[in-house]
> 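Pasting a structure below so you can have a look.
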Amino acid sequence: SHEDLGNRPTTTMSSRHSYLPRIAITAAMAMLMAGCASSPEAGPTERASEVDAGTSASSPRPSSTVEGRFGQVGGWIAYSSGDGIWAVDPARPERRIRLSRAEGDPIAWSSDGTKLVIRRKSPNQVRGGAREMDLVVLDADGTETRLTNARTFVTGGSFSPDGSEVVYATTFPPKRSAIYAVSSDGGAPRLILRATRRVFLPELRRSFRTDVYHPALSPDGTQIGYFDGMGDSSHTLWVMSADGTERSLLLDHEGGRPGHVYALTWSPDGEWLAFQTDNGIYLVRPDGTGLRPVVEKGFFITVSAVQWSPDGSRIAYLRGGALSIVNVDGGNERIVERIPARSIAWNPHV
């Protein structure tokens with residue numbers, strides 16, 4: 001068996017928390033793909049202070065030591081829009097810079113702020129293949145490197161500490177779900193873990209193989225957190241060694257109740273994992289203790305939309321068509337800007 005619980009405690013997602021309301025997975029996926037097809041008119045309106053990162057127009061003073069077009073957005077939040085990928089200064093939201101005119105969902109930055117991994121519709125997508133997505137690395141000089149090229153749906157996407165690799169997962173047919181690592185320069189992926197768990201659903205009188213999804217590499221590169229479940233039910237949260245061994249179960253969603261989980265991310269100090277459900281954002285320690293809500297209730301975006309601030313004191317997320325920030329204790333919740341975004345990535349390099 002791959003389920004090595006070791007000596008770590010297991011926390012149960014019990015019904016008293018009301019974590020996961022009944023929402024069909026098809027509806028969530030339809031929402032995601034509808035967002036990916038948004039028109040340029042859905043993007044933000046450019047103001048005088050907004051410039052393209054690739055132009056020579058006057059722009060804010062560089063906020064980091066990174067050279068190239070990313071040098072101006074250290075500590076800023078990248079977000080998706082119908083007219084490309086933008087970055088906004090959370091302290092001064094009037095300052096925005098477009099990082100790319102190509103559409104895509106920003107997922108994560110490298111620790112030095114020189115690379116941004118984004119998710120984009122696969123160029124090999126077959127007709128009707130609405131779930132086929134790939135990962136692409138956008139470099140500071142504007143070049144792009146496609147990391148995946150498979151007819152499947154990709155979730156997660158986090159850099160190794162030195163930015164040399166990206167960890168991600170594939171879900172849905174035709175291939176069995178698995179977690180991989182790939183060089184950020186492209187190349188053949190390296191298998192870390194293949195999904196093996198099966199769940200029996202009494203109402204259907206049969207068992208189904210689960211998927212692994214939303215893997216997140218810890219800041220020190222030694223552990224990977226990930227979900228294992230059925231997409232809209234039977235979720236479990238695991239942490240394993242970066243090589244796929246020593247798996248530990250943190251949260252067990254008992255009874256296979258329906259709902260969704262998204263956007264697993266580590267705090268910068270590696271002391272907490274944050275994740276999102278249909279009705280809230282929660283924190284848990286990597287040993288399974290300390291489970292608590294940060295934000296509850298409201299309409300949440302179903303992509304990668306939970307991000308830690310560089311100092312680990314705040315969490316950014318998307319809800320109700322707005323980019324919001326809250327302290328990790330749940331206080332001082334505030335809207336940064338109302339933007340038509342589907343995903344965000346907070347640049348850790350300041």
Side-chain angles (χ1 to χ4, degrees), residues 1-14 17 19-20 25 107-108 153-160 165-172 175-181 189-200 207-267 270-278 281-292 304 306 308:
S1 171
H2 292 283
E3 301 186 6
D4 179 13
L5 303 185
N7 296 318
R8 296 189 178 185
T10 299
T11 305
T12 299
M13 288 187 178
S14 60
H17 293 293
Y19 285 105
L20 304 172
I25 186 64
I107 303 298
F153 188 80
V154 174
T155 67
S158 55
F159 283 97
S160 59
E165 285 193 320
V166 173
V167 171
Y168 67 96
T170 60
T171 63
F172 303 119
K175 295 181 179 180
R176 188 190 304 178
S177 176
I179 296 174
Y180 298 92
R190 171 171 55 87
L191 176 66
I192 297 176
L193 178 74
R194 197 176 296 280
T196 59
R197 193 167 70 100
R198 299 189 71 90
V199 172
F200 180 77
S207 64
F208 296 85
R209 192 186 305 278
T210 60
D211 286 327
V212 288
Y213 42 95
H214 294 291
L217 189 63
S218 63
D220 64 5
T222 64
Q223 295 180 293
I224 297 174
Y226 67 97
F227 292 111
D228 183 319
M230 302 272 303
D232 57 0
S233 67
S234 305
H235 308 293
T236 55
L237 172 59
W238 297 77
V239 167
M240 65 180 174
S241 298
D243 62 2
T245 62
E246 301 181 18
R247 298 175 63 207
S248 298
L249 178 63
L250 303 190
L251 300 177
D252 186 5
H253 184 200
E254 65 179 8
R257 294 183 298 110
H260 306 102
V261 290
Y262 319 98
L264 187 66
T265 54
W266 292 79
S267 62
E271 294 295 319
W272 292 92
L273 285 157
F275 64 94
Q276 178 183 322
T277 71
D278 286 325
I281 296 170
Y282 299 86
L283 300 184
V284 65
R285 293 189 183 277
D287 64 358
T289 62
L291 178 67
R292 63 181 175 86
S304 190
V306 175
W308 293 82

> Mind listing the closest non-hydrogen atom pair of Ile107 and Gly157 along with its distance?
CG2-O, 3.3 Å
> Shortest non-hydrogen contact from Pro286 to Gly270?
CG-O, 3.7 Å
> Using the six-membered ring wherever Trp is involved, compare the ring planes of Phe275 and Phe227 and label them parallel, tilted or perpendicular (cut-offs 30° and 60°).
perpendicular
> Run the numbers on Leu264 and Leu273 for side chain to side chain contact (heavy atoms under 4.5 Å, CB included), then give the verdict.
CA-CA 7 Å; Leu264 187 66; Leu273 285 157; 4.1 Å; yes
> Just one of Val212, Asp252, Leu250 clears the side chain to side chain contact (heavy atoms under 4.5 Å, CB included) bar with Thr236, so which one?
Asp252
> Please give me the minimum heavy-atom distance between Ser267 and Pro219, naming the atom from each residue.
O-CG, 3.2 Å
> Do you know which two heavy atoms are closest between Trp272 and Gly290, and how far apart they sit?
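That closest heavy-atom pairing would be CZ3-O, 3.5 Å.
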> Is the NZ or CZ atom of Arg197 both under 6.0 Å from the centre of the six-membered ring of Trp238 and within 45° of that ring's axis?
no
> Working to the nearest 0.5 angstrom, can you tell me the gap between Ser177 OG and Asp228 CG?
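Between Ser177 OG and Asp228 CG, I get 8.0 Å after rounding to 0.5 Å.
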> Residues in side chain to side chain contact (heavy atoms under 4.5 Å, CB included) with Ala108, at least two apart?
Val117
> Just by distance, do the side chain of Thr155 and the backbone of His214 share a donor-acceptor pair under 3.5 Å?
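Looks like yes, one N/O pair under 3.5 Å.
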> Restricting to side-chain hydrogen bond (donor to acceptor under 3.5 Å, both in side chains), what partner residues turn up for Trp308, sequence neighbours left out?
Thr265
> Not counting sequence neighbours, which residues clear side-chain hydrogen bond (donor to acceptor under 3.5 Å, both in side chains) with Tyr168? List them please.
none
> Name all residues meeting the side chain to side chain contact (heavy atoms under 4.5 Å, CB included) criterion together with Ala181; count only those two or more places apart in sequence or in a different chain, and write none if there are none.
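Ala181: side chain to side chain contact (heavy atoms under 4.5 Å, CB included) contacts with Glu165, Val167, Arg190, Ile192.
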> Minimum heavy-atom separation for Leu217 to Trp266, with atom names?
O-CD1, 3.5 Å
> Counting N and O atoms only, with roles assigned by atom type, does the side chain of Asp211 sit under 3.5 Å from a partner on the main chain of Tyr213, one being a donor and the other an acceptor?
no
> Write down the atom of Pro189, the atom of Tyr180, and the distance for their closest heavy-atom approach.
CB-CD2, 4.0 Å
> Give the intermediate values and the outcome of side chain to side chain contact (heavy atoms under 4.5 Å, CB included) for residues Leu251 and Leu291.
CA-CA 9 Å; Leu251 300 177; Leu291 178 67; 4.1 Å; yes
> Which value, rounded to the nearest 0.5 Å, describes the distance between Glu271 atom CD and Ser218 atom OG?
11.0 Å
> Determine, stepwise, if the pair Glu246 / Met240 fulfils side chain to side chain contact (heavy atoms under 4.5 Å, CB included).
CA-CA 5 Å; Glu246 301 181 18; Met240 65 180 174; over 6 Å; no
> Of all residues at least two apart in sequence or in a different chain, which pass the side-chain hydrogen bond (donor to acceptor under 3.5 Å, both in side chains) check with Asp243?
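Counting only residues at least two positions away or on another chain, Asp243 forms a side-chain hydrogen bond (donor to acceptor under 3.5 Å, both in side chains) with Thr245.
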> Show your working on side chain to side chain contact (heavy atoms under 4.5 Å, CB included) between Ile179 and Leu191 and close with a plain yes or no.
CA-CA 6 Å; Ile179 296 174; Leu191 176 66; over 6 Å; no
> Once side-chain hydrogen bond (donor to acceptor under 3.5 Å, both in side chains) is applied, do any residues pair with Arg198, and if so which ones, sequence neighbours excluded?
Ser207
> Would you check if Tyr226 and Leu193 make a side-chain contact, meaning some heavy-atom pair closer than 4.5 Å?
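SC-SC contact between Tyr226 and Leu193 confirmed.
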